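One structure is given below, encoded as C-alpha coordinates.
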Amino acid sequence: MKYTQLGRTGLKVSRLVLGTMNFGPQTDEADSHTIMDAALDAGINFFDTANVYGWGENKGRTEKIIGSWFAKGGDRRDKVVLATKVYGNMGLDGEPWPNHDKLSAVNIRRAVEASLKRLRTDYIDLYQFHHVDRNTPFEEIWQAIDVLVQQGKILYVGSSNFPGYKIAQANEIAARRGGTIGLVSEQCLYNLAERRAEMEVIPAAQEYGLGVIPWSPLHGGLLGGVLKKEVQGGRRASGRAADTLADPAGRAQIQAYEDLLDKHGVEPGEAALAWLLTRPGVTGPIVGPRTAQQLHSALRAVELELSEELLTSLDEIFPGPGPSPEAFAW
(Lines give C-alpha, C1' and ligand atoms only; values in the text may rest on other atoms or scores of the structure.)
Protein backbone atom coordinates (compact mmCIF):
# COMPACT_ATOMS: atom_id res chain seq x y z
CA MET A 1 0.00 0.00 0.00
CA LYS A 2 1.07 3.56 -0.66
CA TYR A 3 0.44 6.42 1.76
CA THR A 4 0.13 10.19 1.63
CA GLN A 5 -0.60 13.09 3.95
CA LEU A 6 -4.22 14.09 4.40
CA GLY A 7 -4.20 17.58 2.95
CA ARG A 8 -2.01 19.98 4.88
CA THR A 9 -2.03 17.83 8.03
CA GLY A 10 0.64 15.50 9.38
CA LEU A 11 -1.83 12.60 9.26
CA LYS A 12 -0.65 9.76 7.04
CA VAL A 13 -3.39 7.81 5.25
CA SER A 14 -3.58 5.06 2.63
CA ARG A 15 -4.18 5.96 -1.03
CA LEU A 16 -7.34 3.85 -0.95
CA VAL A 17 -10.12 4.59 1.52
CA LEU A 18 -12.34 1.76 2.70
CA GLY A 19 -15.95 2.85 2.30
CA THR A 20 -18.38 1.03 4.58
CA MET A 21 -21.77 2.10 3.23
CA ASN A 22 -22.60 -1.48 2.18
CA PHE A 23 -21.93 -2.88 5.66
CA GLY A 24 -25.34 -3.77 7.01
CA PRO A 25 -27.60 -3.08 4.00
CA GLN A 26 -25.81 -5.46 1.60
CA THR A 27 -23.00 -7.15 3.56
CA ASP A 28 -23.71 -8.87 6.87
CA GLU A 29 -21.68 -8.27 10.01
CA ALA A 30 -19.43 -11.33 9.69
CA ASP A 31 -18.51 -10.60 6.07
CA SER A 32 -18.04 -6.90 6.90
CA HIS A 33 -15.53 -7.89 9.59
CA THR A 34 -13.74 -10.12 7.08
CA ILE A 35 -13.47 -7.23 4.60
CA MET A 36 -12.14 -4.87 7.26
CA ASP A 37 -9.54 -7.43 8.36
CA ALA A 38 -8.49 -7.92 4.73
CA ALA A 39 -8.25 -4.16 4.20
CA LEU A 40 -6.08 -3.72 7.28
CA ASP A 41 -3.88 -6.66 6.24
CA ALA A 42 -3.43 -4.98 2.84
CA GLY A 43 -2.31 -1.75 4.48
CA ILE A 44 -5.52 0.29 4.15
CA ASN A 45 -5.66 2.39 7.30
CA PHE A 46 -8.32 4.95 6.28
CA PHE A 47 -11.94 3.84 6.95
CA ASP A 48 -14.92 6.03 6.05
CA THR A 49 -18.48 5.80 7.36
CA ALA A 50 -21.41 8.03 8.35
CA ASN A 51 -23.93 8.07 11.15
CA VAL A 52 -26.84 7.54 8.72
CA TYR A 53 -25.36 4.45 7.05
CA GLY A 54 -27.59 1.44 7.48
CA TRP A 55 -30.43 3.69 6.27
CA GLY A 56 -34.11 3.77 7.18
CA GLU A 57 -34.94 2.02 10.41
CA ASN A 58 -31.36 0.70 10.52
CA LYS A 59 -29.62 4.09 10.63
CA GLY A 60 -26.46 3.72 12.67
CA ARG A 61 -26.13 0.02 11.89
CA THR A 62 -22.91 0.48 9.90
CA GLU A 63 -21.20 2.33 12.74
CA LYS A 64 -22.27 -0.47 15.10
CA ILE A 65 -20.68 -3.08 12.80
CA ILE A 66 -17.42 -1.14 12.81
CA GLY A 67 -17.66 -0.80 16.58
CA SER A 68 -18.07 -4.54 17.08
CA TRP A 69 -15.01 -5.07 14.85
CA PHE A 70 -12.96 -2.64 16.94
CA ALA A 71 -14.10 -4.51 20.05
CA LYS A 72 -12.29 -7.63 18.83
CA GLY A 73 -9.05 -5.92 19.81
CA GLY A 74 -5.74 -6.68 18.13
CA ASP A 75 -4.90 -2.96 17.84
CA ARG A 76 -7.67 -2.58 15.26
CA ARG A 77 -8.72 0.83 16.51
CA ASP A 78 -5.18 2.14 16.90
CA LYS A 79 -4.31 1.15 13.33
CA VAL A 80 -7.32 2.84 11.74
CA VAL A 81 -7.81 6.47 10.77
CA LEU A 82 -11.55 6.61 11.40
CA ALA A 83 -13.79 9.04 9.52
CA THR A 84 -17.51 9.45 10.06
CA LYS A 85 -20.08 12.12 9.19
CA VAL A 86 -22.83 14.26 10.68
CA TYR A 87 -25.81 16.03 9.08
CA GLY A 88 -28.53 13.52 8.24
CA ASN A 89 -31.76 12.94 10.09
CA MET A 90 -31.16 10.14 12.59
CA GLY A 91 -34.82 9.84 13.53
CA LEU A 92 -36.22 6.42 12.64
CA ASP A 93 -39.73 7.64 11.89
CA GLY A 94 -38.97 9.97 8.99
CA GLU A 95 -39.45 13.52 10.23
CA PRO A 96 -36.73 14.51 12.71
CA TRP A 97 -37.54 16.12 16.02
CA PRO A 98 -36.23 19.71 15.94
CA ASN A 99 -32.44 19.91 16.31
CA HIS A 100 -31.88 16.22 15.52
CA ASP A 101 -30.23 16.80 12.15
CA LYS A 102 -27.91 19.21 10.31
CA LEU A 103 -25.07 21.20 11.90
CA SER A 104 -26.39 23.14 14.86
CA ALA A 105 -24.12 23.07 17.90
CA VAL A 106 -26.80 21.03 19.68
CA ASN A 107 -26.95 18.35 16.99
CA ILE A 108 -23.18 18.18 16.48
CA ARG A 109 -22.72 17.48 20.19
CA ARG A 110 -25.52 14.89 20.21
CA ALA A 111 -24.35 13.23 17.01
CA VAL A 112 -20.72 12.89 18.15
CA GLU A 113 -21.73 11.24 21.40
CA ALA A 114 -24.03 8.81 19.58
CA SER A 115 -21.39 7.92 16.97
CA LEU A 116 -18.74 7.35 19.66
CA LYS A 117 -21.10 4.97 21.44
CA ARG A 118 -21.94 3.01 18.29
CA LEU A 119 -18.31 2.90 17.17
CA ARG A 120 -17.11 1.82 20.63
CA THR A 121 -14.30 4.34 20.64
CA ASP A 122 -13.50 7.48 22.59
CA TYR A 123 -12.37 9.58 19.61
CA ILE A 124 -12.99 10.13 15.89
CA ASP A 125 -9.99 10.98 13.72
CA LEU A 126 -11.88 12.84 10.97
CA TYR A 127 -15.35 14.24 11.62
CA GLN A 128 -17.02 15.29 8.37
CA PHE A 129 -19.94 17.58 7.61
CA HIS A 130 -22.03 15.43 5.24
CA HIS A 131 -23.64 18.44 3.56
CA VAL A 132 -23.82 22.21 3.75
CA ASP A 133 -26.19 23.52 6.42
CA ARG A 134 -27.56 26.76 4.99
CA ASN A 135 -29.18 27.75 8.30
CA THR A 136 -26.24 27.43 10.70
CA PRO A 137 -23.38 29.97 10.61
CA PHE A 138 -19.86 28.64 10.58
CA GLU A 139 -19.10 30.65 13.73
CA GLU A 140 -21.50 28.37 15.60
CA ILE A 141 -20.21 25.24 13.90
CA TRP A 142 -16.58 26.00 14.69
CA GLN A 143 -17.38 26.86 18.30
CA ALA A 144 -18.99 23.44 18.73
CA ILE A 145 -16.05 21.75 16.99
CA ASP A 146 -13.49 23.58 19.14
CA VAL A 147 -15.10 22.17 22.29
CA LEU A 148 -15.02 18.63 20.91
CA VAL A 149 -11.38 18.97 19.85
CA GLN A 150 -10.48 20.25 23.31
CA GLN A 151 -12.29 17.28 24.83
CA GLY A 152 -10.29 14.93 22.59
CA LYS A 153 -13.42 13.50 20.98
CA ILE A 154 -12.48 14.54 17.44
CA LEU A 155 -9.08 15.37 15.95
CA TYR A 156 -9.68 16.76 12.44
CA VAL A 157 -12.68 18.09 10.52
CA GLY A 158 -13.61 17.62 6.88
CA SER A 159 -16.46 18.49 4.54
CA SER A 160 -18.46 16.44 2.08
CA ASN A 161 -20.46 17.67 -0.90
CA PHE A 162 -19.38 21.28 -0.34
CA PRO A 163 -19.14 23.74 -3.24
CA GLY A 164 -15.88 25.62 -3.60
CA TYR A 165 -17.20 28.86 -2.11
CA LYS A 166 -18.33 27.08 1.07
CA ILE A 167 -14.88 25.51 1.49
CA ALA A 168 -13.42 29.01 1.26
CA GLN A 169 -16.02 30.51 3.59
CA ALA A 170 -15.59 27.78 6.21
CA ASN A 171 -11.82 28.13 6.32
CA GLU A 172 -11.76 31.91 6.22
CA ILE A 173 -14.07 32.03 9.25
CA ALA A 174 -11.95 29.39 10.98
CA ALA A 175 -8.84 31.48 10.33
CA ARG A 176 -10.49 34.62 11.72
CA ARG A 177 -11.48 32.77 14.89
CA GLY A 178 -7.89 31.64 15.45
CA GLY A 179 -6.86 28.37 17.04
CA THR A 180 -9.08 26.37 14.67
CA ILE A 181 -7.37 24.37 11.94
CA GLY A 182 -10.50 24.43 9.78
CA LEU A 183 -11.43 21.91 7.10
CA VAL A 184 -8.63 19.51 6.15
CA SER A 185 -10.48 17.38 3.58
CA GLU A 186 -13.36 17.44 1.12
CA GLN A 187 -15.23 14.31 0.11
CA CYS A 188 -16.86 14.88 -3.27
CA LEU A 189 -18.35 13.11 -6.26
CA TYR A 190 -15.47 12.80 -8.68
CA ASN A 191 -14.58 10.25 -11.34
CA LEU A 192 -13.82 9.97 -15.05
CA ALA A 193 -17.48 10.35 -15.99
CA GLU A 194 -18.18 13.18 -13.51
CA ARG A 195 -15.47 15.83 -13.54
CA ARG A 196 -17.36 18.98 -12.54
CA ALA A 197 -15.41 19.03 -9.26
CA GLU A 198 -12.43 20.21 -11.32
CA MET A 199 -14.20 23.52 -11.95
CA GLU A 200 -14.15 24.95 -8.42
CA VAL A 201 -14.24 22.30 -5.68
CA ILE A 202 -10.80 20.83 -6.28
CA PRO A 203 -9.12 24.22 -6.93
CA ALA A 204 -10.60 25.50 -3.66
CA ALA A 205 -9.47 22.38 -1.82
CA GLN A 206 -5.94 22.76 -3.16
CA GLU A 207 -5.84 26.48 -2.33
CA TYR A 208 -6.82 25.80 1.29
CA GLY A 209 -4.80 22.62 1.74
CA LEU A 210 -7.65 20.11 1.83
CA GLY A 211 -7.16 16.52 0.76
CA VAL A 212 -9.73 15.45 -1.85
CA ILE A 213 -11.50 12.14 -1.16
CA PRO A 214 -13.59 11.13 -4.20
CA TRP A 215 -16.73 9.12 -3.57
CA SER A 216 -18.39 6.91 -6.21
CA PRO A 217 -15.10 6.49 -8.13
CA LEU A 218 -16.81 4.02 -10.50
CA HIS A 219 -19.86 6.26 -10.87
CA GLY A 220 -22.31 3.71 -9.55
CA GLY A 221 -20.64 0.84 -11.44
CA LEU A 222 -20.68 2.63 -14.78
CA LEU A 223 -16.86 2.60 -15.00
CA GLY A 224 -16.45 -0.94 -13.72
CA GLY A 225 -16.99 -2.83 -16.97
CA VAL A 226 -20.75 -2.59 -16.91
CA LEU A 227 -21.28 -3.45 -20.59
CA LYS A 228 -19.02 -6.50 -20.41
CA LYS A 229 -20.93 -7.68 -17.33
CA GLU A 230 -24.19 -7.10 -19.14
CA VAL A 231 -23.11 -9.38 -21.99
CA GLN A 232 -21.91 -12.00 -19.51
CA GLY A 233 -25.24 -11.96 -17.70
CA GLY A 234 -23.85 -10.32 -14.57
CA ARG A 235 -25.41 -7.72 -12.31
CA ARG A 236 -27.35 -5.17 -14.32
CA ALA A 237 -26.71 -1.46 -14.05
CA SER A 238 -28.91 0.63 -11.79
CA GLY A 239 -29.12 4.23 -10.63
CA ARG A 240 -26.89 6.76 -12.40
CA ALA A 241 -25.21 3.97 -14.40
CA ALA A 242 -28.53 2.82 -15.84
CA ASP A 243 -29.50 6.41 -16.63
CA THR A 244 -26.29 6.92 -18.61
CA LEU A 245 -26.67 3.67 -20.55
CA ALA A 246 -30.25 4.54 -21.48
CA ASP A 247 -28.86 7.44 -23.53
CA PRO A 248 -27.33 6.24 -26.85
CA ALA A 249 -24.50 8.80 -26.63
CA GLY A 250 -23.71 7.79 -23.07
CA ARG A 251 -23.74 4.11 -23.96
CA ALA A 252 -21.39 4.73 -26.88
CA GLN A 253 -19.01 6.64 -24.59
CA ILE A 254 -18.86 3.74 -22.12
CA GLN A 255 -18.38 1.27 -24.97
CA ALA A 256 -15.43 3.32 -26.23
CA TYR A 257 -14.02 3.34 -22.69
CA GLU A 258 -14.28 -0.43 -22.30
CA ASP A 259 -12.87 -1.05 -25.80
CA LEU A 260 -9.88 1.20 -25.04
CA LEU A 261 -9.05 -0.60 -21.81
CA ASP A 262 -9.54 -4.00 -23.42
CA LYS A 263 -6.98 -2.94 -26.04
CA HIS A 264 -4.52 -2.04 -23.27
CA GLY A 265 -5.29 -5.17 -21.24
CA VAL A 266 -6.52 -3.22 -18.21
CA GLU A 267 -9.64 -3.91 -16.14
CA PRO A 268 -12.06 -0.94 -16.29
CA GLY A 269 -12.66 -0.64 -12.56
CA GLU A 270 -8.97 -0.73 -11.77
CA ALA A 271 -8.22 1.86 -14.45
CA ALA A 272 -10.89 4.24 -13.08
CA LEU A 273 -9.35 4.06 -9.60
CA ALA A 274 -5.80 4.37 -10.93
CA TRP A 275 -6.82 7.45 -12.94
CA LEU A 276 -8.06 9.17 -9.79
CA LEU A 277 -4.74 8.42 -8.10
CA THR A 278 -3.01 10.47 -10.83
CA ARG A 279 -5.20 13.53 -10.27
CA PRO A 280 -3.77 16.60 -8.49
CA GLY A 281 -5.03 17.05 -4.96
CA VAL A 282 -6.56 13.59 -4.62
CA THR A 283 -5.74 11.83 -1.35
CA GLY A 284 -7.45 8.60 -2.30
CA PRO A 285 -10.78 7.37 -3.67
CA ILE A 286 -13.34 5.62 -1.50
CA VAL A 287 -13.90 1.99 -2.47
CA GLY A 288 -17.02 0.37 -1.07
CA PRO A 289 -16.69 -3.39 -1.55
CA ARG A 290 -19.62 -5.70 -0.92
CA THR A 291 -17.26 -8.68 -0.95
CA ALA A 292 -13.61 -9.44 -0.21
CA GLN A 293 -13.10 -10.20 -3.91
CA GLN A 294 -14.13 -6.66 -4.84
CA LEU A 295 -11.64 -5.32 -2.31
CA HIS A 296 -8.78 -7.32 -3.84
CA SER A 297 -9.64 -5.96 -7.30
CA ALA A 298 -9.50 -2.39 -5.96
CA LEU A 299 -6.13 -3.01 -4.33
CA ARG A 300 -4.55 -3.76 -7.69
CA ALA A 301 -5.28 -0.19 -8.78
CA VAL A 302 -2.67 1.20 -6.38
CA GLU A 303 0.13 -0.54 -8.27
CA LEU A 304 -1.32 0.10 -11.73
CA GLU A 305 0.67 2.57 -13.81
CA LEU A 306 -1.31 4.19 -16.61
CA SER A 307 0.73 5.20 -19.65
CA GLU A 308 0.64 8.74 -20.97
CA GLU A 309 -0.97 7.39 -24.13
CA LEU A 310 -3.75 5.77 -22.13
CA LEU A 311 -4.27 8.87 -19.97
CA THR A 312 -4.56 11.01 -23.09
CA SER A 313 -7.07 8.61 -24.61
CA LEU A 314 -9.14 8.62 -21.40
CA ASP A 315 -9.22 12.42 -21.53
CA GLU A 316 -10.48 12.24 -25.10
CA ILE A 317 -13.34 9.94 -24.10
CA PHE A 318 -14.14 11.81 -20.88
CA PRO A 319 -12.96 15.39 -21.43
CA GLY A 320 -12.67 17.49 -18.30
CA PRO A 321 -13.85 21.09 -18.07
CA GLY A 322 -10.33 22.49 -18.36
CA PRO A 323 -8.45 24.79 -16.00
CA SER A 324 -10.37 27.07 -13.67
CA PRO A 325 -11.48 29.81 -14.20
CA GLU A 326 -10.66 29.80 -17.92
CA ALA A 327 -13.02 26.87 -18.50
CA PHE A 328 -16.05 29.01 -17.71
CA ALA A 329 -14.68 32.54 -18.05
CA TRP A 330 -14.20 32.49 -21.82
Side-chain angles (χ1 to χ4, degrees), residues 1-23 27 31-50 62 65-66 69-70 72-84 119 121 123-126 128 155-156 158 160 184-188 190-192 205 209-218 223-224 261 265-307 310-311:
M1 180 53 58
K2 297 177 181 177
Y3 300 89
T4 189
Q5 307 301 123
L6 180 63
R8 65 187 185 281
T9 75
L11 188 65
K12 187 174 289 187
V13 295
S14 51
R15 298 289 329 261
L16 287 183
V17 184
L18 181 68
T20 62
M21 190 169 64
N22 289 321
F23 296 174
T27 307
D31 286 342
S32 298
H33 286 191
T34 297
I35 291 171
M36 286 187 280
D37 280 332
L40 207 58
D41 287 344
I44 295 178
N45 76 333
F46 199 2
F47 288 20
D48 177 75
T49 191
T62 303
I65 289 173
I66 297 171
W69 181 74
F70 284 150
K72 289 183 173 182
D75 292 330
R76 284 175 171 83
R77 178 63 189 96
D78 287 342
K79 292 178 178 178
V80 168
V81 174
L82 175 63
T84 192
L119 290 162
T121 185
Y123 72 101
I124 294 163
D125 296 282
L126 178 64
Q128 300 165 112
L155 303 182
Y156 302 95
S160 181
V184 303
S185 63
E186 160 60 19
Q187 191 176 128
C188 59
Y190 183 39
N191 55 56
L192 269 167
L210 279 66
V212 175
I213 307 169
W215 62 265
S216 195
L218 304 187
L223 302 171
L261 296 176
V266 180
E267 288 297 319
E270 295 170 20
L273 292 172
W275 178 82
L276 280 169
L277 292 172
T278 70
R279 304 306 299 165
V282 168
T283 299
I286 297 174
V287 296
R290 295 187 304 276
T291 65
Q293 182 180 0
Q294 290 179 342
L295 173 64
H296 294 315
S297 174
L299 287 168
R300 290 193 291 270
V302 179
E303 303 300 329
L304 182 60
E305 296 286 342
L306 302 182
S307 68
L310 180 51
L311 289 170

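Counting begins at 1 with the first residue of the sequence. The analysis underlying the following values was restricted to heavy atoms, covering all of them including side chains, and did not include hydrogens, waters or symmetry mates. All values reported here derive from a predicted model rather than from experimental measurement.
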Report the C-alpha separation of Trp275 and Asn191 in whole Å, then their side-chain angles, then the decisive distance to 0.1 Å, and conclude whether the side-chain hydrogen bond (donor to acceptor under 3.5 Å, both in side chains) test is met.
CA-CA 8 Å; Trp275 178 82; Asn191 55 56; over 6 Å; no
CD of Glu270 to CG of Leu306, rounded to nearest 0.5 Å, is 10.5 Å
Atom pair CE (Met21) and OG1 (Thr62), whose distance is rounded to the nearest 0.5 Å
9.0 Å
Taking every non-hydrogen atom, the tightest pair across Ala272 and Leu218:
CB-CD2, 3.6 Å
pair Leu18-Pro289: side-chain heavy atoms closer than 4.5 Å
yes
Is a side-chain donor or acceptor of Arg77 paired with a backbone partner of Val80 at a separation under 3.5 angstrom?
yes
Could you please spell out the steps behind the side-chain hydrogen bond (donor to acceptor under 3.5 Å, both in side chains) verdict for Thr49 and Thr20?
CA-CA 6 Å; Thr49 191; Thr20 62; 3.1 Å; yes
On a heavy-atom basis, which atom in Gly224 and which in Pro268 lie closest, and how many Å separate them?
C-CB, 3.9 Å
Whether the side chain of Asn22 engages the backbone of Thr27 through a donor-acceptor N/O pair (distance < 3.5 Å, no angle test) should be reported.
no
Side chain to side chain contact (heavy atoms under 4.5 Å, CB included), that's the test. Do Tyr190 and Val282 meet it? Break it down for me.
CA-CA 10 Å; Tyr190 183 39; Val282 168; 4.0 Å; yes
When rounded to the nearest 0.5 angstrom, what is the spacing between CG in Asp125 and CZ in Phe46?
8.5 Å
Hey, is the main chain of Ile213 close enough, under 3.5 Å, to the side chain of Thr283 for a donor-acceptor pair?
no
Can Arg76 and Asp37 be counted as an ion pair, charged N to O under 4.0 angstrom?
yes
Reported OH-to-CG distance for the pair Tyr156 and Leu11, which is rounded to 0.5 angstrom
5.0 Å
Can you confirm whether or not the ring centre of Trp69 sits under 6.0 Å from the ring centre of Phe23?
no
Shortest non-hydrogen contact from Pro285 to Arg15?
CD-O, 3.3 Å
To the nearest 0.5 Å, how far apart are NE2 in His33 and CD1 in Ile66?
9.0 Å
If you take all heavy atoms of Leu273 and Ala301, which pair is closest and at what distance?
CB-CB, 3.6 Å
Nearest non-hydrogen partners of Leu16 and Leu299, listed with the distance
CD1-CA, 3.9 Å
Which heavy atom of Asn45 sits nearest a heavy atom of Ser14, and at what distance?
OD1-N, 2.8 Å
Nearest 0.5 Å please: distance from the CG atom of Leu295 over to the OG1 atom of Thr34.
11.0 Å
From the list Leu126, Val184, Leu155, Leu210, side-chain contact (heavy atoms from CB on, under 4.5 Å) partner of Thr9 resolves to Val184
Ignoring hydrogens and geometry, is there a side-chain-to-backbone donor-acceptor pair from Tyr3 to Gly43 under 3.5 Å?
yes
Counting only heavy atoms not in Lys2, do more than 12 sit closer than 6.0 Å to its NZ atom?
yes
